[in-house]
Amino acid sequence: MAEDAKTPAPPPPPEGEKKPSAEMPAAPVSNAPVKPVAPAPPAKPAVPADSTTPPKPAAPAKPTGPVPLLWSSPLVEKYRSQYGTALEGQTYLGQNYLTVKSELIPNILRLLRDEEQFDYCVDITAVHYPKREKQFDVVWILYSFPRNERLRVTTQIADGASIPSSVSIWPTANWLEREVYDMFGIQFDGHPDLKRILLPDGWKGFPLRKDYGILQQDKEWVQINLGIESGQ
Amino acid sequence: MNPAMNSALNSGLNSTAGMAPVATPYFFYGLAALAVVSGFLVITRRNVVHSALALIVTLLSVAGLYLMLYAPFVAGVQIIVYAGGIMVLFLFVIMLVNIERSVKERRFNSMWPVGLSAAGALFTLFVFAFAKGRALFPDRMMSLPESSNTQQIATMLYGDAGKIGPYTFAFEIASLLLLVAILGAVIMTKKKI
Amino acid sequence: MPNMIAIWMPNFIMSYLGSTVTPGEAGSQFWALIYVLIIFAGVSVAVMSMNWLERKALAHFQIRLGPMRVGPHGLLQPIADALKLMLKEDIIPSEADQFVFWVAPLIGLLAAFTVYTVIPFGPSQAVSDMNIGILFMLGVSSLGVLGVVVAGWASNSHYPLIGALRSSAQMVSYEVAMGLAVVSAILMTSLNEKGTGTLSMIGIVRAQEQQGIWFIFKFFPLGLIAFIVFAIAMIAETNRAPFDMAEAESELTAGYHTEYSGLRWSLFMLAEYAAMIAVSSIAVTLWLGGWMRPFVRLLHGPSWDFIFSLFPGLTFLGLAAIAFVGVLRMPAHSFFKIQKIGLEAFGGLLGFIALMLLVIAIAGRSQDPSIGSRLNESIGYIYWFLLKVAVFMYLFIWYRATWPRYRFDQLMRVGWKVLLPISLAVLIVTAIVGVLVA
Amino acid sequence: MSAPTGEDTKNISHLAPSNRENSDQGETERKNVGGNDLTFENPDKTYLDSNELIINMGPQHPATHGVLRVILKLDGEKVLGTECVIGYLHRGVEKIAENRTYTMFNPYVDRMDYVAAVSNGLGYCEAVEKLLNVEATPRAKYIRVILTELNRIASHQLWLGTHALDIGAMTPLFYTFRDREEILKIFEKYCGARLTTHAFRIGGCQYETYAGFEKEVKNFLTFVAPKIDEYETLLTTNRIWMERTKNVGVISAADAIALGVTGPVLRASGVKWDLRKAQPYAAYSEFDFEIPVGTNGDTYDRYLVRMAEMRQSLRIIEQAVNSIPEGPIMAKVPKVIKPPVGEIYHSIESPKGELGYFIVSDGSTQPYRLRVRPPSFVNLQALDIMVRGLLVADVVAVIGTIDIVLGEVDR
């Protein structure tokens, strides 16, 4: 990457993800204690740095892929001291994430917004692992405008369990949680209007679960409406 | 040029006094019947929009009657103000009425005897005026020239050549009254002016 | 018998041409009927050609070609459209109020066509010259809104209802400013020895003839301001862009005629375009001198009269030239053969009309009352009147291509808070100036 | 709240598509994002039903830009509240991804935001590259930037045309389509497709630029710059346009951030945030450009911001096309793409806002889970607070100004 060196922009820090060139707050969050984006732990990711890229992928990266590393930063330290092992910080390819016990969810999200200035909830989604005991990973992707930093918060919940809604923390969670409910059937307690959003209200099942085959809906439809066994 | 045509034209132009009636009496009877029938429809239709449409027909036929009386100005004003303006506002309000509900509504409330007696009294008055008032009204058409109808109304309302007309005061009072009514309506409906 | 007709016919036509008043005033029912028929057919044809012109002009504003397939340059498109609309299924929604739904387009159409009875295409080229002509026109054209309102209500659907509510409020509001602007023009007619004005459409043009000035230039800039107020209000009255609230397609799908289709829908279109022509005619009559040719005072005399009388022929000659240029520009491919022939024929027709008009202009240039000079005069009147109206029609299209749509509250604000005070002030000032001048 | 009764409810379900027929359309209580109650209850049996009117805008409506359905609760013409009903174009993109290999899924992303297909492809390819820990070659990055910025201009042009048409100005639509055509021609010459381009591959680009590509792009730059001025002469100082857009659909910066709004909508509210600057991807860190911001967060500012963005895109393209490096266009990626186990989130600044891909790999050739973070979907959520208290005509303007593409909202 010879071009990188030539750029007028400040030389990128080790993580490709966070270049502190964000220009921000015109309005809202100006009372931020300006910690000049320090959560870059110096020693960690030998893997994802820009300089190492060209040789790496030459070999099919299958066996020696990058692995999640422990993420140590003031943020993680602070909350670990508060909550102990219920919370764990990791980093993968330069992207940081917190794994949190589901009981902590509303607290930790609120603290992240209020104390750590993660004022923008980028996305809420879920992943289904049917073989696990706690079947679902619920993922919050957060972003902080003042810190120009992304953070993922992950928690595991079981099928049928519900989890507190974060609409009161970020209003944007409204539709995002509805979509998670629509696709996975995860209940969000305290959501103002939890109902299907993309699928018709009468839809059966939750399509993004792994046990939801892509053909069953179609099959059922042709069986009822066309009287044939399968539309395939 | 055809002399016959020319003379006809000239006579048509110059003779304001011996004006032929605009149309035969049949027109009168037709318009009057239309006005009565549609007036009847106004009060009997259950659907208010139909009533309003019937009312428009009534007003238009009355305008036709004015035309027959060589009062085109009044006819024009009747069309503009009543048929064009007021009825549009009527319809504006009526459109917001729930028709299905109003159709189911009872037609006549308990005040119907009062209304009936008032209508009866009015009818008696008309009959009385028609029977006894022959002497009061001229038994023939007033020979106002059609072409100066507007000017004549102006003279009545505003006076002519420095003189105040007979109805100037009443006219101005009426306009003032209407102005007050407009202002009142605006103030009552508008919270913030 | 043929001989009789041969003698009688010219005499009869002459009797008409010789008259200096309208058939209505002359009491000639026959000619009045002929006029009504001519006007009805003429307006229908005008609406159709206006339709073509609008699509074509709008297309060229918007770097498109517009209709090109049906006939050369889409000339037959309006006919094709009319046929299509007539053959389309006539749908009445089952929840609609059947009778009112049926009668609504007729109300609009009736109102739009009735006003043509008093439009003066020339001093004697009108069905009738009513004493209250302008009042009649405003009154009857204001009845057109009833059709819109009632159509919106009868559809029993939300969008048409909102469209109807909008247009009723809009038309009633703009009528006020429009009326006041009209009154200030009528005031100007009273500036004569007698001091009495007139409401008659012909009388208004006559007053401009006598004063030797179009009212748009009278008491400059008073006449101009009143004219502008009217010109704005008349767009709102006809529900055209940028005031096309009632049928704002991006908000209300099609507004009051959303549920209409086929012939009934085309009646609404017919009424709309007829109303556009009608209000333009009012503007032309009141402020632009009606049938008067331009520069009557500045460039007068028989030779100027002759030069101006050549204009109709020259216009048609120009149109024919455009048609033939179109023929030349057509690709030399056998596919265009029929189109070429069609356009040539059309150009030829225009050229023939141009030739006829020029012949009449040359033959009728003498001042003595011959059939030629009378014909020449009449053609001049009608030509100048229609030309002025056509300018307005073009402006209607131009506005539509240029401006975004007003929002409803802004429209009302413009009507009540801008146009109304202006027209009121103009009226008062005109009255004062008029008194001072008199 | 009271049970669903009366005509209003009947009306909604009557207008609803059949698959919603048996659902609880008549639900009487709806909440907005801010938590304020918005009750859709039937007014009491007043004789005059003038209190409120519930109308159904869409899914077949000329101004909803596709199959968006907005239920409007009106007081006269004033909007008391809205509810968006979406999903009519839902194709289950995320489910499809789980059943396709990484390479096979690549063309599908073009079908989300189909007016900015190149951006979608860029986001997806970069996300997978990140998961693979590969980086595209410099030349590929430059080509990507050029095409993506061209696509941004095309998307903004389409937005401008339709937005102006919504507000009643017909003519800009045709001007913008005329000029967008030039961009589509470049796309077509480059990769054979005009709309759903599938321009990029994981690891770079499949195609080398065609002969004369740079010249054509430069020609386009000189062609389109005056055209953008032309659009502005039609609209920017037009009084009606200003009256229709100023102070309409205002959203404050705080609200915008709370609602997760991104892209030009956020920037028009005064937040100077653009992923191309904040977290540069592709080759954006090498170009000099500005982030246009607005002040009021109204429709007019959003218009100005997008117009300025088009000009900035021209700047980027000009720099890129002048300094496009030589070299390979594909990085070395395995034939069979099998990323290691892990999760990655990568987002780019699409013309609509932040377009993110969250990919979970289980080490197989197919994504275990692929989540798209669609900017249109999230931005559309702000519609409700933007239109409250405005008129019906403004709803149309605001839907236009958010710049949604239903393919992306519904996926």
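In what follows, chains carry the letters A, B, and so on, assigned in the order in which the sequence lines appear, proteins first and then strands, with residues in each chain numbered from 1. Note that the structure is a prediction, hence the values are computed from the model and not measured.
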A.B. asks: For the candidates Tyr129(A), Tyr212(A), Trp170(A), which exhibits the highest count of non-hydrogen atom pairs separated by less than 4.5 Å from chain D?
C.D. replies: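 Ranked by contacts with chain D, first place is Tyr129(A).
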A.B. asks: For the backbone of Ile344(D) and the side chain of Gln95(A), can you confirm whether one donor and one acceptor N or O come within less than 3.5 Å of each other?
C.D. replies: no
A.B. asks: Quick one: of Thr262(D), Asp255(D), Asp362(D), who has the most non-hydrogen atom pairs under 4.5 Å with chain A?
C.D. replies: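 Going by pairs under 4.5 Å, I would pick Thr262(D).
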A.B. asks: Going by atom types alone, do Arg373(D) and Thr125(A) pair a side-chain donor with an acceptor below 3.5 Å?
C.D. replies: no
A.B. asks: Can we say Glu94(D) and Arg209(A) salt-bridge, meaning some charged N sits less than 4.0 Å from an Asp/Glu carboxylate O?
C.D. replies: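 The answer is no: the pair does not qualify as a salt bridge.
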A.B. asks: Can you tell me which of Val378(D), Ile96(D), Asn99(D) forms the most heavy-atom pairs within a distance under 4.5 Å of chain A?
C.D. replies: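 Most pairs with chain A among the choices: Asn99(D).
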A.B. asks: Side chain, backbone, both or neither: which part of Tyr97(A) has a non-hydrogen atom closer than 4.5 Å to chain D?
C.D. replies: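 For Tyr97(A), neither part sits under 4.5 Å from chain D.
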A.B. asks: Check whether Asp182(A) gets within reach of chain D through its side chain, its backbone, both or neither, counting any heavy atom under 4.5 Å.
C.D. replies: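 Neither part, no heavy atoms under 4.5 Å.
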A.B. asks: Are side-chain heavy atoms of Val261(D) and Tyr120(A) found at a separation under 4.5 Å?
C.D. replies: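 Of all side-chain heavy-atom pairs linking Tyr120(A) with Val261(D), none is under 4.5 Å.
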A.B. asks: For Ile169(A), which atoms come within 4.5 Å of any heavy atom of chain D: side chain, backbone, both, or neither?
C.D. replies: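 Answer is neither: Ile169(A) stays 4.5 Å or more from chain D.
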A.B. asks: Can you confirm whether Glu98(D) sits close enough to His128(A) that some side-chain heavy atom of one is under 4.5 Å from a side-chain heavy atom of the other?
C.D. replies: no
A.B. asks: Backbone N or O of Tyr368(D) within a donor-acceptor pair of the Lys210(A) side chain at under 3.5 Å?
C.D. replies: yes
A.B. asks: Indicate the atoms forming the closest heavy-atom contact of Arg369(D) with Leu208(A), along with that distance.
C.D. replies: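 Looks like NH1-CD1, 3.6 Å.
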A.B. asks: Given heavy-atom pairs under 4.5 angstrom as the criterion, report whether the side chain, backbone, both or neither of Arg152(A) touches chain D.
C.D. replies: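 The answer is the side chain of Arg152(A).
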A.B. asks: In Å and rounded to the nearest 0.5 Å, what is the CD1 to CZ distance from Ile257(D) to Phe145(A)?
C.D. replies: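 Answer rounded to 0.5 Å: 4.5 Å.
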A.B. asks: Taking the side chain as every heavy atom from C-beta outward, state whether Arg371(D) and Ile141(A) have any pair of such atoms under 4.5 Å apart.
C.D. replies: no
A.B. asks: Specify which of Cys121(A), Pro207(A), Ser168(A) makes the most heavy-atom pairs with chain D at under 4.5 Å.
C.D. replies: Pro207(A)
A.B. asks: Does any heavy atom of chain A fall under 4.5 Å from the side chain of Ser252(D), the backbone, both, or neither of them?
C.D. replies: neither
A.B. asks: Would you say the side chains of Tyr143(A) and Gln279(D) form a donor-acceptor pair under 3.5 Å?
C.D. replies: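 Result is no, nothing qualifies.
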A.B. asks: Measure Val122(A) against the heavy atoms of chain D and call it side chain, backbone, both or neither at under 4.5 Å.
C.D. replies: both
